[in-house]
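Ligands are counted one by one from 1 in listed order, and the atoms in each one are counted from 1 as well.
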Amino acid sequence: MRLKNKTAVITGGARGIGKATAEKFAAEGANVILVDLKDEEVKDTARGIATDGVQVMGKALDVTNKADVEHFFTTLQEEMGMIDILVNNAGITADAQLLKMSEEEWDQVINVNLKGVFLVSQAAGQIMKEQKQGVILNASSVVGQFGNFGQTNYAATKFGVNGMTKTWAKELGKFNIRVNSVAPGFILTPMTEAMPDKVLDMMREKSVLNELGRPEDIANAYTFLASDEARFITGTVLSVDGGVVI
Ligand code: NDP
């Protein structure tokens, strides 16, 4: 078991990649706290992952609310003692081309994908500094490497996540905190399943393996980066994209 006795927080964990990551972490021996917007949904997901010998809990948390984020981590530290791993997975899209994008669409995506990652990492990072250990993993995207038509706001956040990853790796390394991001290609989750078949086919063709990814592909990368096997890896952006970006 690669994460035995570790405690992990996963944001946006009610479904998709966050849920798959929680399943994998629990199977590897970690206690997992899933947070998400909808209380019932995240608690249902946590119940569904119940694994012998580990705790899996679901809690409601909006990552954009600074007071709630700080309260969540203070309480969690009291309850769990250590917080070893944070996965900043929560992310949204609100697509429109530059000339049509509303200020609201810009603000929504920046708030969750950038400010949310900042707030949660600041609160968790403080605890990890006191512990003198920790791992922070951020959800990036291939869009954070080559941009994407119709995703001005989303691309800005994923390029930004990579910038924060490298900055925090430099700032927090001295406290034995590693910071990395994972850049998924096109993964079949509720975020992408709603897209028309034509678009999914186009995404498949962009992979040199001619495949779409599965949430487990990303969960496996997070598991490796969270584990001690990655003890010498920090400040990286790991592409898990079937060769979309080569
Ligand atoms: P999903 O949309 O399936 O899941 C995201 C979860 O985050 C949802 O449960 C959502 O809740 C939750 N969430 C949204 N806003 C907040 C908030 N303010 N606070 C807490 N939770 C919130 O996403 P995926 O699993 O597809 O993606 C996960 C991450 O991976 C994202 O950061 C995404 O950008 C990234 N990614 C995904 C790719 C893909 O192809 N799927 C490709 C590249 C990157 P609700 O449903 O209530 O809004």
Visitor: Below the 3.5 angstrom mark, is there an N/O of Asn89, backbone or side chain, next to an N/O of ligand 1?
Guide: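 Between Asn89 and ligand 1 (N or O atoms, distance only) the closest approach is under 3.5 Å.
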Visitor: How far is atom 6 (C) of ligand 1 from its nearest protein heavy atom, and which residue and atom is that?
Guide: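 Checked against all protein heavy atoms, atom 6 (C) of ligand 1 sits closest to Gly12 O, 3.6 Å.
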Visitor: Any idea which protein heavy atom is nearest atom 38 (C) of ligand 1, and the distance to it?
Guide: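 Protein heavy atom at minimum distance: Gly185 O, 4.0 Å.
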Visitor: For atom 5 (C) of ligand 1, what is the nearest protein heavy atom, given as residue, atom name and distance?
Guide: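 Answer, as residue, atom name and distance: Gly91 O, 4.0 Å.
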Visitor: Provide, to 0.1 Å, the distance between atom 14 (C) of ligand 1 and the closest protein heavy atom, together with that atom's residue and name.
Guide: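 Here the nearest protein heavy atom works out to Ile92 CG2, 3.6 Å.
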Visitor: Where is the nearest protein heavy atom to atom 45 (P) of ligand 1: which residue, which atom, and how far?
Guide: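 The closest heavy atom on the protein side is Lys38 NZ, 3.8 Å.
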Visitor: Give the atoms of ligand 1, by number and element, whose distance to some non-hydrogen atom of Ala90 is under 4.0 Å.
Guide: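 With Ala90 as reference, the close atoms of ligand 1 come out as 7 (O), 21 (N), 22 (C), 32 (O).
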Visitor: Report, in ascending order of atom number, the atoms of ligand 1 lying under 4.0 Å from any heavy atom of Val112.
Guide: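 This gives 15 (N), 18 (N) as the contact atoms.
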Visitor: Taking distance alone, with no angle check, do Val63 and ligand 1 share an N/O pair under 3.5 Å?
Guide: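 Yes - when backbone and side-chain N and O of Val63 are compared with those of ligand 1, one distance drops under 3.5 Å.
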Visitor: Give the numbers and elements of all ligand 1 atoms closer than 4.0 Å to a heavy atom of Asp62.
Guide: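 Matching atoms, with element in brackets: 17 (C), 18 (N), 19 (N).
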Visitor: Hey, does Thr192 come in under 3.5 Å of ligand 1, counting only N/O atoms on both sides?
Guide: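 No; every N/O pair is 3.5 Å or more apart.
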Visitor: Got a donor-acceptor contact below 3.5 angstrom from the Asp241 side chain to the Pro184 backbone?
Guide: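 No; zero donor-acceptor contacts below 3.5 Å.
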Visitor: Looking only at protein heavy atoms, which one is nearest to atom 46 (O) of ligand 1, and what is the separation?
Guide: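 In this structure, atom 46 (O) of ligand 1 has Arg15 NH1, 3.0 Å as its nearest protein heavy atom.
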Visitor: If you measure from each non-hydrogen atom of Ser140 to ligand 1, which part falls under 4.0 Å: side chain, backbone, both or neither?
Guide: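 Under 4.0 Å from ligand 1, Ser140 contributes backbone atoms alone.
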Visitor: Return yes or no for this condition: an N or O of Ile187 is under 3.5 Å from an N or O of ligand 1.
Guide: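 Yes; the residue has a nitrogen or oxygen that sits under 3.5 Å from a nitrogen or oxygen of the ligand.
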Visitor: Using a strict cut-off of 4.0 Å, indicate which atoms of ligand 1 neighbour a heavy atom of Leu61.
Guide: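 Going through ligand 1 atom by atom, the ones under 4.0 Å from Leu61 are 19 (N), 20 (C).
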Visitor: Please identify which atoms of ligand 1 are closer than 4.0 Å to at least one heavy atom of Tyr154.
Guide: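 In order of number, 33 (C), 34 (O), 35 (C), 36 (N), 43 (C), 44 (C).
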Visitor: Report the member of Val143, Asn88, Asp68, Asp36 with the shortest heavy-atom distance to atom 13 (N) of ligand 1.
Guide: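 Closest candidate by heavy-atom distance is Asp36.
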Visitor: Is Arg47 salt-bridged to Asp44, going by a charged N under 4.0 Å from an acidic O?
Guide: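 A salt bridge links Arg47 with Asp44.
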Visitor: What residue and heavy atom of the protein are closest to atom 26 (O) of ligand 1, and at what distance?
Guide: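 Answer, as residue, atom name and distance: Thr189 OG1, 2.5 Å.
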Visitor: Can you pull out the closest protein heavy atom to atom 37 (C) of ligand 1? Residue, atom name and distance to 0.1 Å, please.
Guide: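 The closest heavy atom on the protein side is Ile17 CD1, 3.9 Å.
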Visitor: Report yes if some N/O of Lys158 lies less than 3.5 Å from some N/O of ligand 1; otherwise report no.
Guide: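 By distance alone, the answer is yes.
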Visitor: Is there a donor-acceptor pair under 3.5 Å between the side chain of Asp36 and the backbone N or O of Gly13?
Guide: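 Judged by distance alone, yes, a pair lies under 3.5 Å.
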